[in-house]
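Chain letters run A, B, ... following the sequence lines, proteins first, then strands; residues in each count from 1.
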2 protein chains.
Amino acid sequence: MNRRDETINIHKVASAAGVSPATVSRVMNHPQMVGAETRRKVTDAIRETGYIRNRAAQAMHGRRSATIGLIVPTVDYAIFASLVQSFGDKADELGFTLLLASHGYDLGREYQILRKFLEHRVDGVALIGLDHTEDSFALLASQRTPAIAVWNHDPASRLPSVGARNAEAGAVAARHLVALGHRRVALLFPPDTENDRARLRRSAVLSVLDAAGIEVPPEYHATSYYDIAPAKAAATRLLDLDRPPTAILCGNDVIARAAIYAAAARGLSIPGDISIVGIGDFQGSADMVPALTTVRIPATRIGAEAATRLIDMIVSDHHPEDTGVGGCEFPVELVPRDTTDVPKEASERKEPTQGRPSTVDSV
Amino acid sequence: MNRRDETINIHKVASAAGVSPATVSRVMNHPQMVGAETRRKVTDAIRETGYIRNRAAQAMHGRRSATIGLIVPTVDYAIFASLVQSFGDKADELGFTLLLASHGYDLGREYQILRKFLEHRVDGVALIGLDHTEDSFALLASQRTPAIAVWNHDPASRLPSVGARNAEAGAVAARHLVALGHRRVALLFPPDTENDRARLRRSAVLSVLDAAGIEVPPEYHATSYYDIAPAKAAATRLLDLDRPPTAILCGNDVIARAAIYAAAARGLSIPGDISIVGIGDFQGSADMVPALTTVRIPATRIGAEAATRLIDMIVSDHHPEDTGVGGCEFPVELVPRDTTDVPKEASERKEPTQGRPSTVDSV
DNA sequence: ACGGCCGATGAAAATGTTTGCAAAACTATT
DNA sequence: AATAGTTTTGCAAACATTTTCATCGGCCGT
């Protein structure tokens with residue numbers, strides 16, 4: 001249909017429609033500025049020639065590139081999958097195209113990706129979490145590129161942040177276990193050197209436990225990557241201790257799922273023998289058997305809101321350092337389900353507070 | 001640091017380095033063409049000015065945009081998360097930036113996204129599956145944009161395809177159940193109108209069963225979206241039939257996980273009372289308890305290979321219609337684990353072929 | 001009927017880069 | 001020392017678009 005190396009540009013469309021290139025451009029960008037009849041002719045010409053506008057040339061002129069970047073630690077393992085999905089959908093809906101990359105929890109790589117995105121002249125960038133290298137902050141400032149921090153929220157953040165208070169999420173989970181009467185609580189968290197979310201959750205958990213007079217011995221501190229296999233192994237080590245914990249508080253739902261498998265493999269009943277609590281309320285946690293007690297962080301809503309706000313900053317020409325574009329906090333919420341109960345010792349003395357068919361619970 | 005509206009371009013860098021813009025360009029694109037001393041001066045100037053090259057302008061010149069597009073049905077639910085991750089990582093490694101979008105199993109939206117990507121002048125596009133609208137194929141051909149089909153493989157595909165034979169995956173799963181002696185086999189699949197992968201798997205399953213003289217009654221045909229909750233409900237309906245199946249063959253591992261939960265919630269033991277087989281071998285399936293019997297489709301390797309091939313097509317200027325850039329087939333492989341066994345009736349007559357601690361199995 | 005105004009359109013400058021061509025600066029060879 | 005050859009560099013055109021400015025009609029009010 002199209003002859004070889006005959007790439008159709010705005011001039012071709014213009015002559016096909018019998019107007020000037022300027023008019024074609026206006027039809028596409030400011031339709032109300034052009035007469036109805038001319039508009040129709042141009043639209044027809046665009047369709048007939050099969051013209052595809054060149055956003056690169058458009059962006060070069062200093063106009064928006066209509067792209068936004070999202071940089072996540074990882075796409076795998078459902079942690080950020082929901083966020084990527086909803087962020088991308090919203091961006092799409094608002095006419096933007098998503099550039100995506102992951103840095104594998106390496107903030108140095110995050111900087112490199114950020115640079116690359118800026119080379120492509122993204123109109124804005126969303127980063128996960130509040131911690132970034134000084135280089136990254138400087139780069140963003142020097143380019144005056146709108147940027148937003150997603151997932152965690154802190155009003156004092158250097159970037160407007162859209163997300164939940166991760167410290168609060170940890171605290172809520174800890175308070176739940178304390179309220180149930182657990183005193184032997186183990187922590188199973190990912191390494192938190194380059195992960196402010198995990199760090200905040202973990203330290204909040206520790207201070208709640210400390211305030212309740214609960215000490216967490218060194219052997220109750222377990223670490224594992226966001227991956228089922230190693231988390232299961234780490235949980236198994238906790239369960240095999242001479243004096244095992246009565247509850248395991250997990251850094252997120254994926255790790256909690258691994259802990260459930262570890263307990264099941266050891267033939268332990270949940271929550272009879274061991275209580276397990278996650279953080280995140282990922283897809284599927286509600287429908288697992290046993291259903292996971294967790295702290296909800298509304299990933300889908302956060303993703304959509306983050307995209308909306310970032311694009312709002314872009315179209316209204318707000319820059320990061322401008323005030324008045326503060327973040328947005330999503331409340332965290334305990335979702336008590338079937339993997340937590342009073343500890344065994346306590347339940348031998350008092351009545352169980354919740355009764356459910358034990359066959360299901362023990363699964 | 002940078003004064004307002006003083007955007008630094010290649011000319012600024014050139015005068016800072018005391019050379020011409022052409023030289024700066026060459027330092028960045030063909031470093032070997034420029035003298036060592038000059039190169040050093042230019043590199044310094046780039047660093048000092050904080051220059052960020054403008055890929056849009058570069059792309060406009062007809063050079064590569066250094067972006068590739070990936071269009072998936074969904075990012076959520078681990079199905080394509082691994083693929084997105086490995087595809088993106090490989091693209092990154094090879095110097096390309098990833099544009100990502102999802103169409104929610106709507107091939108009309110896929111076309112729209114494709115258009116948008118072409119507006120951004122992506123150097124190539126990867127699509128999931130072999131089925132696409134005629135419009136999409138025509139668009140790709142008219143723009144002569146390298147494109148590749150991922151996930152499913154068929155040597156007769158219109159696009160070079162990198163993936164597994166999904167029909168074979170279904171057949172392998174079905175043969176496994178037949179070999180174990182199951183004759184009451186239910187199918188739990190996603191709707192397959194816009195999903196050639198599911199369609200191929202499903203029809204292959206049916207022909208294997210048919211060849212084995214096994215008829216699948218209408219009530220054994222269940223359908224559910226790729227989502228834990230509805231899949232669990234659908235599986236529960238299968239289990240509650242007057243004459244329930246002895247095995248459920250699931251369209252993928254996510255649905256299989258839901259089926260396991262459904263069985264557990266009914267207090268059924270797996271694989272004692274019911275065998276369940278998935279397709280995909282997603283992250284976590286190996287480490288579940290009970291570990292899921294499934295058919296491995298190596299998502300991570302497929303993603304990396306697809307990115308490599310697509311970029312190869314781009315840099316070697318191969319176009320889709322050129323021959324010799326055929327696809328690449330990844331073999332599927334049965335991974336027998338702990339959710340399948342001989343059916344109960346059979347096992348009452350013969351010895352169970354596999355013995356494992358029943359407490360674990362029943363979880 | 002005429003001056004002023006307004007809406008629609010075109011011409012041309014501007015955007016930031018790459019590259020073909022030519023000039024210039026070396027290096028090696030006689 | 002002159003020449004031929006090679007490497008390095010600069011000039012300017014080209015890429016596809018947007019936007020400012022100017023122009024050209026047509027319309028309205030007086």
| task | Please report, rounded to the nearest Å, how far the P atom of C/dA14 is from the CD1 atom of A/Ile10. | result | 19 Å
| On DNA chain D, nearest-nucleotide positions of B/Arg121 versus B/His61: which is more 5'? | B/His61
| query | CG of A/Asn54 versus P of D/dC15: gap in Å, rounded? | reply | 13 Å
| remark: Nearest-nucleotide check on DNA chain C, B/Arg55 vs A/Arg39; residue mapping nearer the 5' end is A/Arg39
| message | Please determine whether side chain to side chain donor-acceptor pair (under 3.5 Å) holds for the pair B/Asn29 and B/Arg53, giving the CA-CA distance in whole Å, both sets of side-chain angles, and the decisive distance to 0.1 Å. | response | CA-CA 11 Å; B/Asn29 299 298; B/Arg53 69 206 288 192; 3.0 Å; yes
| said: For a quick check of understanding: with a heavy-atom distance under 4.0 Å over all strands, which category does A/Ser25 fall into, base, sugar-phosphate or nothing? | reply: base
| query | Picking from D/dT19, D/dA16, D/dG10, which would you name as closest to the side chain of B/Thr23? | reply | D/dG10
| Taking the six-membered ring of B/Phe330 as reference, does the NZ or CZ atom of B/Arg301 fall below 6.0 Å from its centre and within a 45° cone about the axis? | no
| field | OG1 on A/Thr67 to CZ on A/Phe117, rounded to 0.5 Å | value | 9.0 Å
| query | Under 4.0 Å between a side-chain N/O of A/Asn29 and OP1 or OP2 of D/dT18, yes or no? | reply | yes
| note | Between CD of A/Gln58 and C1' of C/dT15 the distance, given in whole Å, is 13 Å
| request: Using atom NE2 of A/His11 as one end and atom P of D/dA14 as the other, report the distance to the nearest whole Å. | output: 13 Å
| task | Counting heavy atoms from C-beta on, name the nucleotide in D/dA16, D/dC11, C/dA12 closest to the side chain of A/Ala22. | result | C/dA12
| said: Using a strict threshold of under 4.0 Å (side-chain N to carboxylate O), is an ion pair present between B/Arg109 and B/Glu194? | reply: no
| task | Could you check how far CE of A/Met60 sits from P of C/dT18, rounded to whole Å? | result | 12 Å
| message | Rounded to whole Å, how long is the line connecting atom CE of A/Met33 with atom P of C/dG10? | response | 13 Å
| Going by modelled atom types, is there a donor-acceptor pair between the base of C/dG10 and the side chain of A/Arg26 at under 3.5 Å? | yes
| query | C/dT18 C1' sits how many Å from B/Arg64 CZ, rounded? | reply | 14 Å
| query | Does a side-chain N-to-carboxylate-O contact under 4.0 Å join B/Lys41 and B/Asp44? | reply | no
| task | Return the 5'-most residue of the pair B/Ala36, B/Ala57 with respect to DNA chain D, ranking by each residue's nearest nucleotide. | result | B/Ala36
| task | Please report, rounded to the nearest Å, how far the C1' atom of D/dA16 is from the CD atom of B/Glu119. | result | 14 Å
